[in-house]
Amino acid sequence: MLPEAKGGGGHGPIIKWLIEEEFAKVSPGLAFALAPAIGEAYYLLGMAPKLVDKYLDAALDGTAKFTFTGTDPVGSFNHTEAPVFAVKDGDDWILNGTKLFATYGTIAKFHFPSGKCDDGKFRQWYVDAETPGVEAKAVDKKLGLAGTMNGDVSYRNVRVPHEQICNVPNGAEFDRIGNQSGYIGACCCAVGGAQGILAKTVDYMKQRTSHGEPLGSMTVIADHLARFATRIEAAQCFLHTELQGFRKGYGGKPHTSMLKPFCCDMFADVARGCLELWGGIGVNEDVGVSRYIRDALTMLAADRPATAHYQQIAHVVLGLDVKKTLSI
Ligand SMILES: Cc1cc2nc3c(=O)[nH]c(=O)nc-3n(C[C@H](O)[C@H](O)[C@H](O)COP(=O)(O)OP(=O)(O)OC[C@H]3O[C@@H](n4cnc5c(N)ncnc54)[C@H](O)[C@@H]3O)c2cc1C
């Protein structure tokens, strides 16, 4: 996704998302890991162009990992209770605080922490992982998305020059690039993951027999599978429409906040329903279907849970007087 002039492929994010969707058929966890590895980071690099040259080689050979550290222990969108993370000191900022669950938190060469400043505004910086005061601890065990590593990152008196503030043009653009694209990536993992477990389940339903007939030829089971296929198709249509919309520019309507819970709820429902059709063998880890449900459930929390997204929809689309909590 780096520019061709820099030796990259010059691709936009859509190709990355389609790759994520394909990978997710086999491993939603690996697909989810692609998001910060090859995606949003390069978009932010566009806002921090000095980094492109510094990290070009490592970015091109895939060894430069980036991490977005934004989730404060008081809650990822609890802006009113968020502690002050950054204080201005002359031409520098001093960062103090902890950020949870950052994807690639322990192996990233580069961090994009965001948080509240002493003037009450939220800002984002780029920080080299080697900067004194930056420490990361791996989250060793989690429910699912085992292919994605997470870390809790602490910043203790980390001094960052003012010029390392991300060159974010405006709030809407930050939201589109920093947040919306992450939500879309999660949706690609959800749609691909649902396609993956459904395909495996349909195959099994053709092989597994009862009373001499494949289970899949029984109306009740065929009906379940057809309903799952329909929900996946609907989510994929919504997702691919949104991909086109992203290409054209964020139009101010928070469709991704409808899309993220829509796709992730669908994946969780399909994974649960499919797993049930495998009977006892489905919970045997060697069979490779139970991890889809763990991944699906983990994705309900990643990239913000449904309540946060629907709150945004209620506020912006329905005009209800609820607090708008998602955008910085
Ligand atoms: C696999 C994975 C990868 C992640 N990667 C990253 C990453 O790279 N960088 C990063 O910064 N974070 C990352 N996160 C963290 C993730 O963004 C947060 O966990 C998520 O946004 C939820 O925030 P929280 O844990 O603070 O939940 P809480 O804020 O504690 O929320 C708990 C529940 O209450 C609801 N809730 C909270 N406040 C309100 C409210 N005002 N109104 C209504 N409902 C509310 C929430 O929707 C949720 O259902 C990752 C998480 C996971 C699971």
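Keep in mind that this is a model prediction, so the values were computed, not measured. One-based numbering, in listed order, for ligands and for the atoms of each.
Under a 4.0 Å criterion applied to the non-hydrogen atoms of F68, ligand 1 contributes the atoms 7 (C), 8 (O), 9 (N), 10 (C), 11 (O). Close approach of ligand 1 to A302 (heavy-atom distance below 4.0 Å) involves ligand atoms 1 (C), 2 (C), 51 (C), 52 (C), 53 (C). Within the listing of ligand 1, atoms 20 (C), 21 (O), 22 (C), 23 (O), 24 (P), 26 (O), 29 (O) sit less than 4.0 angstrom from a heavy atom of S76. Which parts of ligand 1 touch A102 is read off a 4.0 Å heavy-atom cut-off, strictly below it: atoms 7 (C), 8 (O), 9 (N). The ligand atoms of ligand 1 that sit less than 4.0 angstrom from a heavy atom of G75 are 26 (O), 29 (O). Contact atoms of ligand 1 toward A308: 47 (O) (distance under 4.0 Å to a heavy atom of the residue). Close approach to G70 involves these atoms of ligand 1, each under 4.0 Å from a residue heavy atom: 10 (C), 11 (O).
Following chains of ILVMFWY side-chain contacts shorter than 4.5 Å, one can reach L275 starting from L277, so the two form part of one hydrophobic cluster.
Within a 6.0 Å radius of CG in D119, more than 12 heavy atoms belonging to other residues, nucleotides or ligands are found.
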The test is salt bridge (charged side-chain N to carboxylate O under 4.0 Å, His left out); show your working for D269 and R231 and say whether it passes.
CA-CA 10 Å; D269 291 348; R231 285 190 66 185; 2.9 Å; yes
Could you go through the salt bridge (charged side-chain N to carboxylate O under 4.0 Å, His left out) check for R159 and D92 one step at a time?
CA-CA 6 Å; R159 183 170 287 274; D92 297 339; 2.8 Å; yes
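In summary, the side chains of H240 and E21 do present a donor paired with an acceptor at a separation below 3.5 Å, with no hydrogens or angles considered.
Between the side chain of S217 and the main chain of E213, no donor-acceptor pair closer than 3.5 Å is present. A donor-acceptor pair under 3.5 Å is absent between the side-chain atoms of D223 and the main chain of T219, judged by distance alone.
Distances from atom 17 (O) of ligand 1 to the heavy atoms of T71, V74, L145 show the closest one on T71.
At least one heavy atom of Q311 sits less than 4.0 Å from an atom of ligand 1. The shortest separation from a heavy atom of N78 to ligand 1 is not under 4.0 Å, leaving the residue out of contact. In this structure, L100 has a heavy atom closer than 4.0 Å to ligand 1. Using a 4.0 Å cutoff on heavy atoms, N150 counts as a contact of ligand 1.
Not a single N or O atom of P305, backbone or side chain, sits closer than 3.5 Å to an N or O atom of ligand 1. Every N/O-N/O distance between T67 and ligand 1 stays at or above 3.5 Å.
Of all the heavy atoms of T103, the ones lying under 4.0 Å from any atom of ligand 1 are found in both the backbone and the side chain.
The distance from the OG1 atom of T201 to the CG atom of L225 is 7.0 Å, given to the nearest 0.5 Å.
The pair K260-E242 fails the salt-bridge criterion, with no side-chain N (NZ, NE, NH1 or NH2) lying under 4.0 Å from an Asp/Glu carboxylate O.
With Y104 as the aromatic partner, K109 does not meet the cation-pi criteria of under 6.0 angstrom to the ring centre and within 45 degrees of the ring axis.
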